[in-house]
Amino acid sequence: MAVPKYDEMMVPVLRRIAEEPGAAVTSKQLRRFVIDHWGLSDIEVAERVSSGVERYANNMLWACTHLKQAKCIESPKRGTYLVTQRGLDLLNSGVEKLDRRALMQFPEFCDFLNRSRKGKDVSAKETEETVAQTMAVEENESPEDTIDEAFRSIETALVSDILEAC
């Protein structure tokens, strides 16, 4: 099994944080949860993204970032998470899968996407269209995965250009 993508982690991570409403869950507890929940092997746990962070932890943190920006969880201090009423309501609705498109129902998440686009103010409809296009390209990869893939693509093109010039 491969390390799950960040969007695949959102609902299970939200459920774990919601197990004890009012009780903070730490990043360390979430890391252990992700390893156990998906039965990650030692090799999968050791896999790293280009920044040096373990891929499973990186994906978990991106899941938390998206949930936090959608106001489904909050982080009263660094590395701790609490479920919000919105998060509880979402779980009680029977949600089985979350991704960026599903989180766009929340205006705060749309604001986050707008801020992520370097301050360009766009409408919710434009944001939804941009996310749909981005998701089609990224296939729900974390930003680091997207950067790594772009780097490899540029590197391959550069090597090819250099070889052609020789």
Side-chain angles (χ1 to χ4, degrees), residues 1-106 108-110 112-113 115-116 127-128 130-153 155:
M1 169 178 207
V3 174
K5 307 250 184 225
Y6 78 94
D7 64 318
E8 297 169 329
M9 291 187 181
M10 279 198 249
V11 172
V13 164
L14 182 58
R15 283 187 183 128
R16 171 59 186 96
I17 295 169
E19 280 179 2
E20 299 175 50
V25 176
T26 66
S27 288
K28 184 177 180 178
Q29 290 170 316
L30 286 177
R31 285 174 186 235
R32 173 54 41 207
F33 167 77
V34 167
I35 291 168
D36 293 343
H37 182 77
W38 277 279
L40 299 180
S41 69
D42 290 343
I43 293 171
E44 291 166 330
V45 169
E47 183 183 345
R48 296 181 182 275
V49 295
S50 60
S51 65
V53 176
E54 296 95 347
R55 181 171 304 281
Y56 83 94
N58 181 66
N59 291 354
M60 181 214 64
L61 291 170
W62 277 109
C64 288
T65 295
H66 282 72
L67 291 168
K68 188 167 87 170
Q69 294 299 326
K71 304 294 184 199
C72 295
I73 63 173
E74 57 187 25
S75 182
K77 65 180 186 175
R78 188 168 188 234
T80 62
Y81 303 98
L82 291 167
V83 69
T84 63
Q85 187 59 51
R86 178 179 285 174
L88 291 171
D89 292 344
L90 195 58
L91 289 173
N92 289 334
S93 75
V95 67
E96 292 296 320
K97 182 180 186 308
L98 283 174
D99 56 21
R100 284 187 279 184
R101 183 168 296 153
L103 294 177
M104 288 189 62
Q105 66 183 294
F106 305 117
E108 298 89 349
F109 188 74
C110 291
F112 164 68
L113 292 178
R115 288 190 311 272
S116 299
T127 301
E128 187 173 345
T130 300
V131 168
Q133 292 167 354
T134 302
M135 285 174 60
V137 171
E138 293 176 356
E139 297 179 17
N140 296 323
E141 293 178 343
S142 73
E144 280 83 358
D145 291 334
T146 304
I147 291 168
D148 286 348
E149 181 58 35
F151 176 79
R152 284 189 295 276
S153 176
E155 185 179 46

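The analysis underlying the following values was restricted to heavy atoms, covering all of them including side chains, and did not include hydrogens, waters or symmetry mates. The model shown is predicted, which means the values in this text are computed figures rather than measured ones.
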**OP:** Carefully, step by step, assess Ile73 and Cys64 under the rule side-chain contact (heavy atoms from CB on, under 4.5 Å).
**Re:** CA-CA 8 Å; Ile73 63 173; Cys64 288; 4.1 Å; yes
**OP:** Test side-chain contact (heavy atoms from CB on, under 4.5 Å) on Glu108 and Arg86 and set out the steps.
**Re:** CA-CA 12 Å; Glu108 298 89 349; Arg86 178 179 285 174; 2.8 Å; yes
**OP:** Would you check, one step at a time, whether the test side-chain contact (heavy atoms from CB on, under 4.5 Å) holds for Asp7 with Leu98?
**Re:** CA-CA 6 Å; Asp7 64 318; Leu98 283 174; over 6 Å; no
Subject >> Trace of the side-chain contact (heavy atoms from CB on, under 4.5 Å) decision for Asp89 with Gln85 >> reply: CA-CA 6 Å; Asp89 292 344; Gln85 187 59 51; 2.8 Å; yes
Original post:
Would Arg15 and Glu96 count as a salt bridge (charged side-chain N to carboxylate O under 4.0 Å, His left out) if you check the C-alpha gap in whole Å, the side-chain angles of each, and the deciding distance to 0.1 Å?
Top reply: CA-CA 10 Å; Arg15 283 187 183 128; Glu96 292 296 320; 3.5 Å; yes
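Looking at Arg16, its side chain never comes within 3.5 Å of a backbone N or O of Phe33 through a donor-acceptor pair. A donor-acceptor pair is defined here as one N or O able to donate and one able to accept, closer than 3.5 Å; such a pair exists between the side chain of Asn59 and the backbone of Pro4. Asn58 places no side-chain N or O within 3.5 Å of a backbone atom of Glu54 that could act as its donor or acceptor partner. Distance alone, capped at 3.5 Å, is enough to place a donor-acceptor pair between the Thr84 side chain and the Lys71 backbone. Using modelled atom types, no side-chain atom of Ser75 and backbone atom of Tyr81 make a donor-acceptor pair closer than 3.5 Å.
Ring planes of Tyr6 and His66: tilted class, angle from 30 to 60°.
Two residues are said to be in side-chain contact when any heavy atoms from C-beta on lie closer than 4.5 Å; Arg100 and Gln69 fail this criterion. For the pair Phe112/Leu103, no side-chain contact is recorded, criterion being any heavy-atom separation below 4.5 Å from C-beta on. Between Lys97 and Asp99 the shortest side-chain heavy-atom distance falls below 4.5 Å. Looking only at side-chain heavy atoms (C-beta outward), Leu113 and Met104 come within less than 4.5 Å of each other.
A 6.0 Å sphere centred on CG of Asp42 holds no more than 12 heavy atoms belonging to other residues, nucleotides or ligands. Within a 6.0 Å radius of CD in Gln105, other residues, nucleotides and ligands contribute more than 12 heavy atoms.
Once rounded to the nearest 0.5 Å, the distance linking CD of Glu19 with CG of Leu14 reads 11.0 Å. Atom CG of residue Leu61 and atom CE of residue Met9 lie 9.5 Å apart, to the nearest 0.5 angstrom. The distance from atom CZ of Arg55 to atom OG of Ser50, rounded to the nearest 0.5 Å, is 8.5 Å. Here the straight-line distance linking atom OG of Ser27 with atom CE of Met60 works out to 4.5 Å at 0.5 Å rounding. Taking OG1 from Thr80 and NZ from Lys28, the interatomic distance works out to 15.0 Å, rounded to the nearest 0.5 Å. To the nearest 0.5 Å, the span separating CG on Leu90 from CE on Met10 amounts to 10.5 Å.
Taking every heavy atom of both residues into account, Pro12 and Glu8 meet most closely at CD-O, 3.5 Å. Residues Val13 and Leu67 approach most closely at CG1-CD1, 4.4 Å, considering heavy atoms. Between Pro76 and Leu82, the closest heavy-atom pair is CG-CD1, 3.7 Å.
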